[in-house]
Amino acid sequence: MHVRTRIAPSPTGFFHIGTARTALFNYLFAQKHGGQFILRIEDTDKERNTKESEEDIYAQMMWLGYAYDEKYIQSEHLEEHTKLLKRLVDTDRAYVSKEEAKDGSGRMVEVVRLRNPGKTITFDDAVRGAISFDTTELKDFVIARSVTDPLYHFAVVADDGAAQITHVIRGEEHISNTPRQILIQEALELPRPIYGHIPLILMPDRSKMSKRKHKTAVKDYRERGYLPEAMNNFLALLGWSAGEGDRELFSLSELIEHFDLARVHKSGAIFNEEKLKWFNREYLLKLTQTDFATEALGRLKDALASRVSWDGERAQALLPILRERISLWGDISELANAGEFDYYFTPPQPEKARIPDKKSDSTTALAHLTETAIRLKNVSQWTPEGIKEALWSYAEKEGRGAVLWPLRYALSGKDKSPDPFSLAVLLGQEETLSRIQTACDILNE
RNA sequence: GGCCUCAUCGUCUAACGGCUAGGACAGCGCCUUUUCAAGGCGUUAAUCGGGGUUCGAUUCCCCGUGAGGUCACCA
């Protein structure tokens, strides 16, 4: 069988996480079987469609790397829908009915209703097995506002038929839509695709993702600095497992290689951002020096430009520290805005009382800083090792905290920071000595 | 409420009907060159309940309970 799958978002809001996961599964399945993956824009709801939403679909699909083979705009196929609708009416599979409008206006309108044979529909779901529905309760349901104005269920069936979709992989909220779509399909004498209903993505409170209550737009995650590789890996493992033992890290092409509808789960999965962050960090760590530097420096400069005088060279030296500390790009801006990086560029203003180590006092701190300065003046190899060598025996003898805390605090002006050796290297010998001097002056006041 | 679907640590999940139910995230503890971060090591924690079938059920069947989905002239 020549596999053809599709993702059919409606451009009525930003492309969201749930749609992305459905797209991913469809993409993986099509790729796995050497088939085609089709993007269909379901834009029949003229009231709620926006161009912005449509653009967002393209942008995020591209970002996530779901290359589609064909694009299909539903509204451009109205003529075909009309033709099919007419045929259904002509063959008495459907009929036009005059009734009072549901909008409460009291006016009379015509709608097209399907003549429901009222039988039991059973379909074999690729992830859940056989599912049966008694369709009599559906009655003669409405399939179009008029012969020229099809509704969702009709358009879906007509378009899937036209595009020769072989596998309909979608969220489980569509399970109960399936029997009415099959009814339409049978009236249209279209072949039945294989259905596969994948579990929903739930929010931490077990509720369905809602655009109002939760951050669900892919765009938001992108802007906060998540990597597409991490998003894909995380999303793929939400409701599916590769059957590769304890392995969790998969690239997109590895996901394709392992993907199998039979291993898709049946129950909903909660979207856990902590785990996403973990994936993201893993992928951040895999980035090349250059790729990391480009993005990190850009983010850092944006956030810092208004706070300190920017020094590109010094920022460069900051990269290893950044890589160690962040889980996503947004962490850089967050840390920078919180003032975490200011002291690399501008001398801090240490508070007298905090210079000594907790178990020490100012007199001792002053003595240690003075000795530290003397020792550092003589360091010829200004590297973490060289600096450490100059201070270590002294620190061991006098107490590490007593010696190293004042130094680290003098250099950073912060209770929390990287270790004093790294800081000293970053600041350079001259600046390091100058900051120690400043701290000594403060202690002498 | 009717119909449909689902049920393993807090979360994501693994386990041809057969080892002490495994891993990851989070948590907790310890270690490491003061603090923070990272890292290393360790650890807490689960088969919804009740009946069957079976030599043996997380796994198969039934009932209950719970959760979710859906019941439009939206998609």
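A, B, ... follow the sequence lines: proteins, then strands. Residue 1 opens every chain.
Of the nucleotides present, none pairs with U47(B) by Watson-Crick or G-U wobble criteria with both distances under 3.5 Å. Remark: C55(B) base-pairs with G18(B). Criterion, Watson-Crick or G-U wobble with two distances under 3.5 Å. Pair assignment for U34(B): none, as no Watson-Crick or G-U wobble contacts are both less than 3.5 Å. Of the nucleotides present, A7(B) is the one that pairs with U65(B) by Watson-Crick or G-U wobble criteria, both distances under 3.5 Å. When both pairing distances are held under 3.5 Å, C28(B) makes a Watson-Crick or G-U pair with G42(B). Base-pair partner of U70(B): G2(B) (Watson-Crick or G-U wobble, both distances under 3.5 Å).
One P atom belongs to C36(B), the other to G29(B), and the distance between them is 13 Å to the nearest Å. Comparing G27(B) with G10(B), their C1' atoms are spaced 9 Å from each other, to the whole Å. Across U20(B) and U58(B), the matching C1' atoms stand 16 Å from one another, rounded to whole Å. Nucleotides A38(B) and A21(B) place their C1' atoms 32 Å apart, quoted to the nearest Å. As rounded to the nearest Å, A75(B) and G18(B) have C1' atoms that lie 49 Å from one another. Nucleotides U8(B) and A14(B) are separated by 10 Å at their P atoms, to the nearest Å. Rounded to whole Å, the separation between the C1' atoms of G23(B) and A46(B) comes to 14 Å. For the C1' atoms, the distance linking U44(B) with C9(B) amounts to 10 Å, nearest Å.
The pair Lys286(A)-Glu282(A) does not count as a salt bridge, with every side-chain nitrogen at least 4.0 angstrom from each carboxylate oxygen. Between Asp92(A) and Arg115(A) there is a salt bridge, since a side-chain N of the basic residue sits under 4.0 Å from a carboxylate O of the acidic one. Comment: Lys83(A) does not engage Glu79(A) in a salt bridge, judged by the lack of any side-chain N to carboxylate O separation of less than 4.0 angstrom.
The side chain of Arg145(A) approaches C74(B) more closely than any other nucleotide in the set C74(B), U35(B), A75(B). Of the candidates G68(B), A37(B), A75(B), the closest approach to any side-chain atom of Leu200(A) belongs to G68(B). Candidate nucleotides U70(B), A38(B), A75(B) were compared by shortest atom distance to the side chain of Arg48(A), and A75(B) ranks first. Out of U33(B), U35(B), A75(B), the shortest distance to the side chain of Lys388(A) is found at U33(B). Nearest nucleotide to the Ala101(A) side chain, out of C73(B), A75(B), G39(B): C73(B). Listed nucleotides G69(B), U33(B), G23(B) differ in distance to Asp246(A); the shortest reach to its side chain belongs to G23(B). Minimum atom distance to the side chain of Arg408(A) is reached by U34(B), of the listed U34(B), G69(B), A75(B).
In this structure, Val109(A) reaches the bases: a heavy-atom distance under 4.0 Å links it to at least one base atom across the strands shown. Thr44(A) comes within contact range of the sugar-phosphate backbone alone, with a heavy-atom separation under 4.0 Å but no base atom that close. Nucleic acid contact for Glu324(A): base, since at least one base atom lies under 4.0 Å from a heavy atom of the residue. Note on Glu100(A): a base of the nucleic acid sits closer than 4.0 angstrom, heavy atoms only. Looking at heavy-atom distances under 4.0 Å, Pro418(A) makes contact with a base. Among the protein residues, Asp419(A) comes within range of the nucleic acid bases, having at least one heavy atom under 4.0 Å from a base atom. Residue contacts for Phe279(A): at a heavy-atom cut-off of 4.0 Å it reaches no nucleic acid atom on any strand shown. Note on Arg107(A): nothing from the nucleic acid sits closer than 4.0 angstrom, heavy atoms only. At the heavy-atom level, Val111(A) lies under 4.0 Å from base atoms of the strands shown.
Each of Leu151(A) and Lys414(A) has a nearest nucleotide on RNA chain B; the 5'-most of these lies closest to Lys414(A).
Between Ile198(A) and Trp240(A), every side-chain heavy-atom pair lies at or beyond the 4.5 Å cut-off. Here the side chains of Arg145(A) and Leu151(A) are in contact, with some heavy-atom distance below 4.5 Å. Using a 4.5 Å heavy-atom threshold, the side chains of Glu54(A) and Ile41(A) count as touching.
Spacing between atom NZ of Lys416(A) and atom P of U34(B) amounts to 16 Å, rounded to whole angstrom units. Between the CH2 atom of Trp405(A) and the P atom of U33(B) there is a distance of 18 Å, given to the nearest Å. Rounded to an integer number of Å, the gap from CZ of Arg323(A) to C1' of C36(B) is 20 Å. Note: CD (Glu396(A)) to C1' (U33(B)) measures 8 Å, nearest angstrom. Rounding to whole angstrom units, CG of residue Leu284(A) and P of A38(B) are separated by 13 Å. Whole-Å rounding puts the Leu138(A) CG to C71(B) C1' distance at 9 Å. If you take CG of Leu285(A) and P of A37(B), they are 17 Å apart, rounded to a whole angstrom. Regarding Arg180(A), its CZ atom lies at a distance of 7 Å from the P atom of C71(B), rounded to whole Å.
Ring geometry, Tyr58(A) versus Tyr68(A): the interplanar angle falls from 30° to 60°, so the pair is classed tilted. Between His77(A) and Tyr72(A), the two ring planes are parallel [angle under 30°; tilted spans 30° to 60°].
The ring-ring contact (aromatic ring centres under 6.0 Å, His included) test with Phe234(A) singles out one residue from Phe271(A), Trp278(A), Tyr283(A), and that residue is Phe271(A).
Neither side chain, Gln60(A) nor Tyr221(A), offers a donor N or O lying under 3.5 Å from an acceptor on the other.
Within the structure, a side-chain polar atom (N or O) of Trp278(A) is placed less than 4.0 Å from OP1 or OP2 of C25(B).
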Reading nucleotides 2-16 of chain B 5' to 3', which nucleotides get B (base under 4.0 Å from a protein heavy atom), which S (sugar-phosphate only), which -? -SSSSS---SSSSS-
Go through Cys440(A) and Leu366(A) one step at a time and tell me if the side chain to side chain contact (heavy atoms under 4.5 Å, CB included) criterion holds. CA-CA 6 Å; Cys440(A) 289; Leu366(A) 181 59; 3.8 Å; yes
